[in-house]
Structures are given as C-alpha cells and as structure tokens.
Trainee: 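To start, I am sharing the structure in question, which I have written as structure tokens.
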Amino acid sequence: MSNEIEAIKDPGLPAHVHRKADHDPVAAKRAERQVAILFGISALGTLLLIFSYSFIPDDVFIFIPVMGEQNAHQLGLGLGMAISLFFIGMGAIHWAKTLMPDQEVIAHRHEFRSPDSDRKEFVQAVKDGAGAAGLGRRSLIKRSLGAALGLSALSPILLLRDLGPLPGNELEKTTWKAGTHLVTDPGNRRIKASDLEVGAVAQVLPEIEDPEHRHLSDIAKDAVLLIRLRPDEFNLDADRLAMTHEGIIAFSKICSHMGCAVALYEQQTKHLLCPCHQSTFDVTRAAKVIFGPAARPLPQLDITVDGEGYLVARNPFSEPVGPSFWERDSR
Ligand code: FES
C-alpha cells in the first residue's frame, strides 16, 4: 500500500477506512469501467442534443404518455442536455469517490483571537492616534466633522429621488370602463358566468381592440381576479353585493401593500394571499385585510352581464388600484 493512501495517524481521528478499490485491483478496474460508462452515457446525451438540433424540425410534435403532446425538437434538446450534464457529473463524482487519491490531511490552525498583549497594543494605538489628532482639544474640528457626517447621511435621500418618477395618479387610470368585457388571461376570450364553477378563480383583463400589443404596464394595472362563491357565502353590504354577479366577485390583483400580484386563493377559507409579505384578504367580506401589512382591501370591480350574458364591467374601479401609499383620491 502506498504512503498516499495511508491515513494520517492522529489520536483525535477515527481510523481511516480504505475503499475497496484502493487495495483490490479487480474493484479498481470495475470502478474504472463504471466511470467510463457514465461518461459514455453523457456523450450519448450530447449526441442526442446535436441530432435534435440538426435533424428534428421545430414543428414536429410527438405524444408522450403522462406529458401529452410535446415539441420533439425542444424535447430532444432538453433531454440531450440534461443527460449530458447529469451523467458527466455522476461520472466525476463516482471517479472521485472510488479512484481518486484518498488521503486525509490535517491542517493545524492558530487560534483566531489575538493575544491579549496585541489587543491592548491596538487599543492604545487608537487612543494615541486620537490624542495626536487633537480631537479632544479642537472642538471646532469636532463640531464641523459632526455636521459634515450628519449632512452626508442626507445624500441617500437625493439618490432615492432618482428611483422615480412616482406613479402619481397613473394608477387611477386603468383600462376598465363601463361596458368593458372581461376576457380570459391567457386566451383573450369573453366569459360568461356559467364558465366559472363555484370555488373557481380566474384572472381576467379588460377587452381591448389589439390584445397582441397590450402594454405590460397596463396588464399589471388592469389584472383582475374573478372568484365564484355561492351567493349565500358573502358577508357584504347591499352596495358591495350589487357589484357581484351570481356569486362572482372581482378584485384588482395588485396588492394594496406594495403592489405584488395577489396570486394565491385558499378555496377552503376563501382567503386571497399575497406571497410577498403574506397579506391576507377575506373574499367573503369584500377583500377585507385580515392579516399582514396591507392597509386597505383590494379594490372591487363592479361587474354585470351584457345582453348576451357575457361578463362586463358596470363601472370602472371606484378607487386607485395598487399600494396604499400612492395617490388614492380618484373619481
Ligand atoms: S406586497 Fe402584498 S403583502 Fe406586501
């Protein structure tokens, strides 16, 4: 056995256990073959990737049980790359664990804490420096330095101004108007009350003429969540109830705390949750805040149906959507 694979003798360490491949040439040969097989599979993965890239057109679809219809070109690229990277990693790990030098090394380190004498010396040096600078005696310098440091703390405020501009009254203007149809997002299809089962939740946007070019900032402002409850599950005053339709209630999706998307709905409790800071809104009580930092309910959109039964907004939002620290005196 070579010196390289001998455990370093130290009374504080348990005896080193050598691997089989360290002293058994047959086991070493077997491990070598295993590593080669893993690298070989990785190479096949890369060939699959190259083949998919070069020879499978990107409009070919194949049916795979469980996964359904899949784009063969992209599937080949993804699978090929995954196999290539996974098995090259597996091969390297197996190689390191079975065949690479297995030597234990002890690195002795000195204590991190400085000796007391060094610490005293340092404190004395700081005091001597302050004394030599005359800070205690030169009160004019001391005061002016204090003023300079204090004022310099204000500079971040100026930098913060550059983060703007603030949205001002921009959030008062969403695309929702009286009579605007609600359309699915994604899909851009008008919806009827019957499309939504009790307990279901859906994201909708206002219908516009050119949905392909909907502006991202408009999507953020206009996004609305539709939730359908049984009408008797609401705990609303008459005005709020009149803003619902057959158990469907609509709220702005922008959290009234800091503007994240309120994206989680707990069907059992009928709570909407904001994932950013856990503000929780009670759907049955007009999105009243029941937990978290949000200070206001989510604005409710007044909805009804048109002559053909499609859901439409009866009115625009009656208050600005979004965080409560932005301007809110709309209408
Ligand atoms: S942004 Fe929703 S809780 Fe903070």
Side-chain angles (χ1 to χ4, degrees), residues 156-176 180 182-187 191 196 199-206 214-229 233-237 239-241 243-244 247-303 311 313 315-331:
I157 295 173
L158 299 180
L159 297 179
L160 280 176
R161 278 184 60 83
D162 283 352
L163 295 176
L166 291 171
N169 63 1
E170 273 301 297
L171 290 173
E172 295 173 18
K173 295 180 246 154
T174 66
T175 312
W176 293 104
T180 306
L182 282 61
V183 292
T184 55
D185 177 38
I191 46 176
L196 220 56
V201 61
Q203 175 172 311
V204 293
L205 290 171
R214 204 187 279 275
H215 204 280
L216 264 183
S217 63
D218 286 341
I219 295 178
K221 281 192 302 184
D222 293 340
V224 158
L225 284 175
L226 285 186
I227 299 149
R228 184 161 197 177
L229 307 183
E233 289 176 315
F234 287 119
N235 186 2
L236 301 173
D237 61 30
D239 288 349
R240 289 294 188 145
L241 199 57
M243 293 165 72
T244 68
I248 300 177
I249 192 162
F251 297 111
S252 163
K253 195 178 174 183
I254 312 183
C255 183
S256 53
H257 176 225
M258 295 189 78
C260 287
V262 177
L264 306 171
Y265 176 58
E266 284 182 352
Q267 203 184 53
Q268 298 300 316
T269 56
K270 303 180 181 44
H271 291 165
L272 276 170
L273 265 81
C274 177
C276 288
H277 313 102
Q278 282 74 51
S279 284
T280 307
F281 306 88
D282 184 352
V283 172
T284 65
R285 290 186 285 166
K288 183 175 162 49
V289 182
I290 54 167
F291 180 78
R296 296 166 190 273
L298 300 170
Q300 184 182 347
L301 184 68
D302 188 358
I303 55 170
L311 289 166
N315 287 302
F317 279 110
S318 61
E319 57 182 323
V321 298
S324 51
F325 56 79
W326 290 342
E327 188 61 57
R328 300 185 70 89
D329 56 343
S330 68
R331 268 228 284 214

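In each ligand, atom 1 is the first atom listed, and ligand 1 is the first ligand listed. Note that the structure is predicted; figures quoted are calculated from it, not measured. Values below: all heavy atoms of this structure, side chains included; hydrogens, waters and symmetry mates excluded.
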Trainee: Atom CZ in R240, atom CD in Q300: separation rounded to 0.5 Å?
Mentor: 5.0 Å

Trainee: Provide the number and element of each atom of ligand 1 under 4.0 Å from a heavy atom of C260.
Mentor: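 Reading through ligand 1 atom by atom, the close ones are 1 (S).
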
Trainee: For the pair C260/C276, is the SG to SG distance below 2.5 Å?
Mentor: yes

Trainee: Between C274 and atom 4 (Fe) of ligand 1, is there a contact where an N/O/S atom of the residue lies under 2.8 Å from the metal?
Mentor: no

Trainee: In terms of residue, atom name and distance, what is the protein heavy atom nearest to atom 1 (S) of ligand 1?
Mentor: M258 N, 3.3 Å

Trainee: Roughly how far, to the nearest 0.5 Å, is CE of M243 from CD1 of I303?
Mentor: 9.0 Å

Trainee: When you look for heavy atoms under 4.0 Å from ligand 1, do you find them on the side chain of C255, its backbone, both, or neither?
Mentor: side chain

Trainee: Check whether any N, O or S atom of H257 sits under 2.8 Å from atom 2 (Fe) of ligand 1.
Mentor: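 No.
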
Trainee: Of all the N, O or S atoms in H277, which one sits nearest to atom 4 (Fe) of ligand 1?
Mentor: ND1

Trainee: Please report the closest heavy-atom contact between I227 and V283, naming both atoms and the distance.
Mentor: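 Scanning both residues completely, I find the closest heavy atoms to be CD1-CG2, 3.8 Å.
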
Trainee: To the nearest 0.5 Å, what is the distance between CG (D185) and CG (D222)?
Mentor: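 CG of D222 is found 10.5 Å from CG of D185.
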
Trainee: Against L311, only a single residue in L182, T180, V183 fulfils side chain to side chain contact (heavy atoms under 4.5 Å, CB included); can you say which?
Mentor: L182

Trainee: So which heavy atom in the protein is nearest atom 3 (S) of ligand 1, and how far is it from that ligand atom?
Mentor: S279 OG, 3.1 Å

